[in-house]
Amino acid sequence: MKVLFIVQGEGRGHLTQAITLEEILRRNGHEVVEVLVGKSNTRRLPGFFNRSIQAPVKRFLSPNFLPTPANKRVSMSRSIAYNLMQVPAYLRSICYIHRRIHETDADLVINFYELLTGLTYLFFRPSVPQISVGHQYLFLHHDFEFPQKNPMSLLMLRFFTRLTCIGAKEKLALSFRPMETDEEAHIRVVPPLLRREVLCCEAASGEYVHGYMVNAGFGESISQWHEQHPEVPLHFFWDKPDELEVCRMDETLSFHQLDDEKFLRYMSGCRVYATTAGFESVCEAMYLGKPLLMVPAHIEQDCNAYDAARGGAGIISDNFEVDRLLEFARSEYQPEENFRSWVLSCEWRLLNCIETAEGIGFVNDYKLIYE
């Protein structure tokens with residue numbers, strides 16, 4: 001098959017998933033003809049993506065979430081106001097996506113949680129089949145257990161997720177654990193899409209704390225904790241364009257620009273891992289047997305953190321309380337061995353879903369949106 005990828009460009013999770021799935025498809029005789037990546041004025045495309053992806057990459061303007069003034073959690077009011085102002089540009093992006101679907105002569109579109117893909121299928125109804133891939137589709141599964149959070153926030157999360165997969169013949173929900181197929185919603189639960197480099201990595205238990213924050217405003221919280229515990233080595237990764245590649249605060253605290261090879265190297269050798277609860281890096285830490293502290297930055301990450309903590313992978317906090325994480329690692333943490341087996345079954349499970357996609361009927365999109 002000739003496959004077109006459309007990828008949400010926010011954070012690193014969907015980008016690394018696209019890299020991994022491209023490798024799997026190419027290894028099994030398929031071709032990724034082009035990768036369309038959503039961009040915004042507040043995020044930049046990490047260099048590791050252009051270095052790793054093989055297909056030509058094209059960009060289009062896409063909706064994104066803006067942080068609060070403190071640059072920690074997402075601000076819904078700011079995000080809605082900003083994106084409403086950008087509607088004309090997003091309409092042009094939808095037309096561009098529709099044009100690329102036809103001009104690439106793709107047999108299949110694989111959508112990595114990009115909202116404008118769903119809207120393209122809503123407005124233009126392309127005949128090319130679409131599969132939507134992302135852990136967020138688990139939120140539409142009838143057996144998924146949600147945390148006790150604001151009901152309106154959870155409703156909006158599910159509504160947004162439904163919009164991204166309009167027209168999808170199948171939704172592949174990446175999950176920490178196996179679950180039954182939700183036939184009514186056309187959701188198949190599959191393992192996380194972890195890179196081959198992660199699967200081949202040998203973990204060692206070092207003395208430093210490794211971390212990743214999607215919003216650089218959390219850097220202040222980490223610095224404050226560091227002032228109280230200067231003896232603990234900390235290596236945190238962030239996406240802050242105006243800083244050096246390595247911002248070395250002192251002998252035991254460094255902030256690094258996001259680089260996937262370097263990130264994985266630090267992950268494999270750390271003692272514990274602290275993160276804003278993005279699905280991809282949580283899975284990498286679980287696979288490598290690293291205890292987790294999860295500090296969610298928005299409602300989606302609240303759900304990720306709750307789901308991971310249910311299985312004993314880590315603890316949840318409103319701030320980077322690394323002392324709690326170190327205590328958890330000493331007294332409570334037990335690696336989940338079944339998780340590694342689940343992850344290693346990913347390739348054949350995904351290929352089976354993708355290669356049989358044309359035998360699956362379209363979902364009633366309008367019914368799903370408003371249920």
Side-chain angles (χ1 to χ4, degrees), residues 1-26 30-40 43-46 49-50 52-65 83 86 89-137 140 160-174 186 190 193 279-280 300 350 353-354 357-358 360 362-363 365 369:
M1 291 186 293
K2 293 193 292 185
V3 183
L4 172 68
F5 281 6
I6 308 177
V7 188
Q8 184 200 113
E10 184 143 337
R12 65 183 285 271
H14 301 292
L15 299 173
T16 57
Q17 290 164 15
I19 292 168
T20 303
L21 188 52
E22 184 193 45
E23 291 176 353
I24 290 174
L25 291 174
R26 289 182 179 275
H30 304 296
E31 178 189 3
V32 178
V33 293
E34 192 168 277
V35 180
L36 306 180
V37 182
K39 68 177 180 179
S40 71
R43 301 284 184 194
R44 62 178 182 178
L45 189 62
F49 185 76
N50 286 321
S52 302
I53 205 80
Q54 299 299 306
V57 176
K58 298 183 185 296
R59 307 294 305 277
F60 61 90
L61 195 64
S62 173
N64 66 103
F65 295 100
N83 286 307
Q86 299 294 321
Y90 299 154
L91 292 174
R92 290 192 292 272
S93 293
I94 290 171
C95 293
Y96 176 75
I97 291 170
H98 180 241
R99 188 166 67 250
R100 296 313 302 156
I101 289 173
H102 288 281
E103 291 180 356
T104 57
D105 198 28
D107 301 308
L108 178 69
V109 170
I110 295 183
N111 174 35
F112 295 85
Y113 203 63
E114 171 51 56
L115 171 64
L116 297 189
T117 307
L119 296 183
T120 299
Y121 274 77
L122 175 64
F123 296 143
F124 289 101
R125 308 296 290 179
S127 60
V128 180
Q130 179 214 150
I131 293 177
S132 291
V133 177
H135 69 277
Q136 294 91 342
Y137 300 114
L140 306 180
F160 181 89
T161 300
R162 292 186 193 281
L163 291 179
T164 68
C165 59
I166 294 173
K169 286 195 169 183
E170 188 154 13
K171 295 175 279 291
L172 305 184
L174 309 179
H186 288 235
V190 295
L193 263 168
F279 178 80
E280 194 73 8
E300 177 192 313
L350 261 78
C353 293
I354 291 170
E358 292 191 358
I360 301 164
F362 273 94
V363 179
D365 306 314
I369 292 172

Close side-chain approach of Leu193 to Val133, heavy-atom, < 4.5 Å: yes
Indicate yes or no for a side-chain donor-acceptor contact from Gln130 to the backbone of Ile166 under 3.5 Å, with no hydrogens or angles considered. yes
Let me confirm one number: the OH-CD1 distance from Tyr96 to Ile101, rounded to the nearest 0.5 Å. 11.5 Å
Separation of Ile6 CD1 from Leu115 CG (nearest 0.5 Å): 11.5 Å
In the structure I gave you, are the side-chain heavy atoms of Ser132 and Tyr113 within less than 4.5 Å of one another anywhere? no
Below 4.5 Å, heavy atoms only, C-beta onward: do Ile131 and Val109 meet side chain to side chain? no
Going from OH on Tyr90 to SG on Cys95, what distance comes out if it is rounded to the nearest 0.5 angstrom? 15.0 Å
Where Val32 and Ala55 come nearest, the two heavy atoms and their spacing: O-CB, 3.3 Å
So, Thr104 versus Glu34: side-chain donor-acceptor pair below 3.5 Å or not? no
Taking atom types as modelled, find out whether Gln136 and Glu300 have a side-chain donor-acceptor pair closer than 3.5 angstrom. yes
Nearest 0.5 Å please: distance from the CD1 atom of Ile24 over to the CG atom of Leu350. 6.0 Å
Could you tell me if the side chain of His98 sits less than 4.5 Å from the side chain of Pro126, heavy atoms only? yes
Minimum heavy-atom separation for Phe49 to Leu15, with atom names? CE1-O, 3.5 Å
Check whether any side-chain heavy atom of Asn111 sits under 4.5 Å from a side-chain heavy atom of Cys165, and report yes or no. no
With Ile110, the side chain to side chain contact (heavy atoms under 4.5 Å, CB included) member among Val35, Val7, Leu21: Leu21
With the side chain counted from C-beta on, respond yes when Ile97 and Phe124 share a heavy-atom pair under 4.5 Å apart, and no when they do not. no
side-chain contact (heavy atoms from CB on, under 4.5 Å) assessment of Leu45 paired with Lys39: CA-CA 8 Å; Leu45 189 62; Lys39 68 177 180 179; over 6 Å; no
Taking every non-hydrogen atom, the tightest pair across Ala18 and Ile53: O-CD1, 4.1 Å
For the residue pair His135 and His14, does the interplanar ring angle fall in the parallel (under 30°), tilted (30 to 60°) or perpendicular (over 60°) class? parallel
Please check if the side chain of Glu31 supplies one atom and the backbone of Val33 the other of a donor-acceptor pair under 3.5 Å. no
Rounded to the nearest 0.5 Å, what separation is found between the CD atom of Glu280 and the OG1 atom of Thr16? 3.5 Å
Are Val57 and Phe5 close enough, and set up right, to give a side-chain contact (heavy atoms from CB on, under 4.5 Å), and what steps lead you there? CA-CA 9 Å; Val57 176; Phe5 281 6; over 6 Å; no
Which heavy-atom pair separates His30 from Met1 by the least distance, and what is that distance? ND1-N, 3.0 Å
Here the pair of heavy atoms bringing Asp107 nearest to Pro129 is O-CD, 3.3 Å
Least distance between heavy atoms, Leu172 atom then Ile354 atom: CD1-CG1, 4.3 Å
With side-chain contact (heavy atoms from CB on, under 4.5 Å) as the criterion, how do Leu174 and Val190 come out once you've worked through the C-alpha distance, each side chain's angles and the decisive distance to 0.1 Å? CA-CA 5 Å; Leu174 309 179; Val190 295; 3.4 Å; yes
Is the backbone N or O of Leu61 less than 3.5 Å from a side-chain atom of Ser93, with the two atoms forming a donor-acceptor pair by type? yes
Taken to the nearest 0.5 Å, the spacing of Leu25 CG from Lys2 NZ works out to 14.5 Å
